[in-house]
Amino acid sequence: MQPTFDSQKPLFLSIAEWLEDAILAGAYKEESQVPSITEISLSYKINPATALKGVNMLVDSGLLYKKRGLGMFVATGACKKLLRRRQEQFYEDFIRPLAAEAKRLEIGADELSAMVKRGYEQ
Amino acid sequence: MRIELKNVSKRFGQTQALDSVNVVFGEQKIYGLLGNNGAGKSTMLNIITSRYLADSGEVAMNGQPIFDNDACLNQIYLLSEKSFYPDSMKTGEAIKWAAIFYPSFDRNLAHQLAERFNLPLKKKITALSTGYASIFKIVMALSSGAPVLLLDEPVLGLDAGHRDLFYKILIERYSENPCTIVISTHLIAEVAGLIEHCVIIKNGRIVKDAPAQDLLAGGYTVSGPAGLVDEYIRGKRVLSQSGLGGLKTASLSGERPNELPQGLESGRLNLQEYFIELMNEEA
């Protein structure tokens with residue numbers, strides 16, 4: 001799993017999303033340690049301050065917590081919390097752009113629903 | 001360590017290399033000093049380290065004038081195009097002598113870095129290829145132990161693998177031992193993620209001095225059918241525009257809007273594009 005530096009968002013947001021994805025996918029289990037700021041900045045060759053800013057976003061939303069002198073750990077319940085938040089964002093992140101593209105391609109609402117259904121069942 | 005330049009000017013013959021430059025390198029940050037060839041980057045770094053004398057203005061470290069002040073100069077290491085080692089000296093000998101002359105020089109680290117870069121220690125410095133000459137300078141700079149590192153085009157002539165290794169080692173050093181690092185380079189895309197603060201210089205003047213994030217958040221791109229883009233950008237501050245057939249992309253300064261008219265897409269500026277556009281703006 002790699003962060004997508006698509007240049008459409010600031011680097012620290014890409015780092016935050018990458019960590020969230022990794023937690024959702026179970027790569028970092030609850031109560032286990034996540035890579036350190038230095039490890040993250042080294043792997044992606046980014047400024048440690050940027051990596052810290054990304055990681056702190058997860059700390060602020062209670063997904064990660066700090067153990068003094070040890071590092072960052074995934075909080076209990078982080079996975080569920082993330083899942084709920086991503087579900088809430090799903091409409092904005094996916095359905096709206098999907099609908100906009102469908103309109104551009106002159107695909108009607110019924111046709112679109114049928115396609116979504118077909119895609120879901122595959 | 002706070003290095004401050006106040007109204008510093010320098011002229012070489014007809015060329016105004018630096019024109020009333022005011023800038024502070026004050027924190028333990030990685031600064032990017034960006035500018036086209038001949039913009040004045042090297043002149044600035046050479047003035048900070050007393051290799052050149054400014055025509056006017058002040059250069060100070062923690063309030064003390066730097067010029068010819070050994071106590072200050074010992075805290076600064078400049079990696080530059082010029083090398084001051086005797087012609088016959090071998091790389092390994094240079095490391096040995098550096099450890100004798102510079103109390104904070106870390107000889108073990110220099111040997112470790114040389115090994116990671118495969119820098120031969122028994123070769124004369126003058127006989128190194130362009131790439132290895134750069135590697136030798138990098139090894140010396142990163143082992144210097146100085147709290148201020150000025151790196152003038154550090155990756156000149158390095159291949160992709162060695163550049164990658166250099167960026168990694170730079171982050172390692174900076175993470176273990178935070179210091180003030182100023183990197184001047186024209187490979188902007190490569191260092192974009194490393195730089196926390198940008199100082200952009202053009203024709204001897206500082207044109208931007210701000211956190212990298214803020215610079216990029218200060219503009220956005222809009223693309224779509226040319227007619228729609230033209231309509232949208234009317235009355236706005238346009239940095240640049242380019243077209244391809246009926247499609248057009250414009251870079252605008254200002255905050256990126258949440259909503260755009262139907263058919264238009266917005267994007268984020270990247271540091272390299274931003275820089276090129278800034279350089280193309282009329283002075």
Side-chain angles (χ1 to χ4, degrees), chain A residues 2-19 33-57 60 66 69-72 89 91-109 112, chain B residues 27-32 155 160 163-179 181 183 187 189-198 211-221 223-225 256 258-274:
Chain A
Q2 292 275 325
T4 40
F5 297 129
D6 60 2
S7 87
Q8 286 315 310
K9 48 172 102 67
L11 273 177
F12 71 92
L13 277 183
S14 302
I15 291 297
E17 272 178 21
W18 157 75
L19 255 178
Q33 193 169 2
V34 299
S36 71
I37 300 300
T38 307
E39 285 169 325
I40 295 172
S41 48
L42 272 176
S43 319
Y44 301 116
K45 280 170 277 151
I46 55 168
N47 193 295
T50 311
L52 182 66
K53 205 169 163 189
V55 170
N56 275 344
M57 287 190 71
D60 291 343
K66 229 175 269 181
L70 286 175
M72 299 282 186
Q89 285 171 2
Y91 182 80
E92 281 296 317
D93 290 353
F94 294 93
I95 301 302
R96 276 175 61 121
L98 180 81
E101 179 71 4
K103 275 184 196 162
R104 189 153 46 192
L105 300 179
E106 298 173 9
I107 296 170
L112 179 63
Chain B
E27 287 164 83
Q28 292 178 340
K29 275 187 191 164
I30 301 181
Y31 291 84
V155 295
R163 290 206 300 274
D164 196 76
L165 183 58
F166 165 67
Y167 297 129
K168 281 190 171 159
I169 292 174
L170 189 72
I171 296 171
E172 277 174 25
R173 296 295 304 139
Y174 177 73
S175 299
E176 282 165 19
N177 197 354
C179 54
I181 299 176
I183 305 179
L187 296 173
E190 287 190 0
V191 297
L194 284 179
I195 291 173
E196 194 173 348
H197 192 104
C198 280
Q213 278 308 342
D214 294 2
L215 283 185
L216 300 183
Y220 61 102
T221 65
S223 49
R256 187 171 161 186
N258 288 324
E259 296 280 345
L260 278 175
Q262 184 91 33
L264 291 182
E265 278 174 24
S266 83
R268 196 167 166 268
L269 290 181
N270 74 40
L271 190 60
Q272 177 145 314
E273 285 164 359
Y274 178 85

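The figures here come from the full heavy-atom set of this structure, side chains too, leaving out hydrogens, waters and symmetry mates. Protein chains get the first letters and strands the later ones, always in sequence-line order, with residue 1 at the start of each.
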State the [atom1]-[atom2] distance between [X] and [Y], to the nearest 0.5 angstrom.
{"X": "Glu176(B)", "Y": "Thr38(A)", "atom1": "CD", "atom2": "OG1", "value": "8.0 Å"}
{"X": "Ile46(A)", "Y": "Ile171(B)", "atom1": "CD1", "atom2": "CD1", "value": "7.5 Å"}
{"X": "Lys45(A)", "Y": "Leu165(B)", "atom1": "NZ", "atom2": "CG", "value": "10.0 Å"}

Review point. When heavy-atom pairs shorter than 4.5 Å are enumerated against chain A, which of Asp164(B), Val191(B), Ile195(B), Leu216(B) gives the highest number?
Key: Asp164(B)
Check your understanding: Non-hydrogen atoms of chain A under 4.5 Å away: do they reach the side chain of Tyr220(B), the backbone, both or neither?
Key -> neither
Review point. Can you say whether Glu265(B) sits under 4.5 Å from chain A via the side chain, the backbone, both, or neither, judging by heavy atoms?
Key: side chain
Check your understanding: Taking all atoms of both residues into account, what is the closest heavy-atom pair of Gln213(B) and Pro10(A), and its distance?
Key ->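 Nearest pair, atom of Gln213(B) first, then Pro10(A): OE1-CB, 3.6 Å.
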Point to revise | Glu106(A) atom CD, neighbour heavy-atom count above 12 within 6.0 Å | key: no
Point to revise | Identified side-chain contact (heavy atoms from CB on, under 4.5 Å) partner of Asn47(A) from the options Lys29(B), Glu196(B), His197(B) | key: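 Result: among Lys29(B), Glu196(B), His197(B), Glu196(B) is the only option passing the side-chain contact (heavy atoms from CB on, under 4.5 Å) with Asn47(A).
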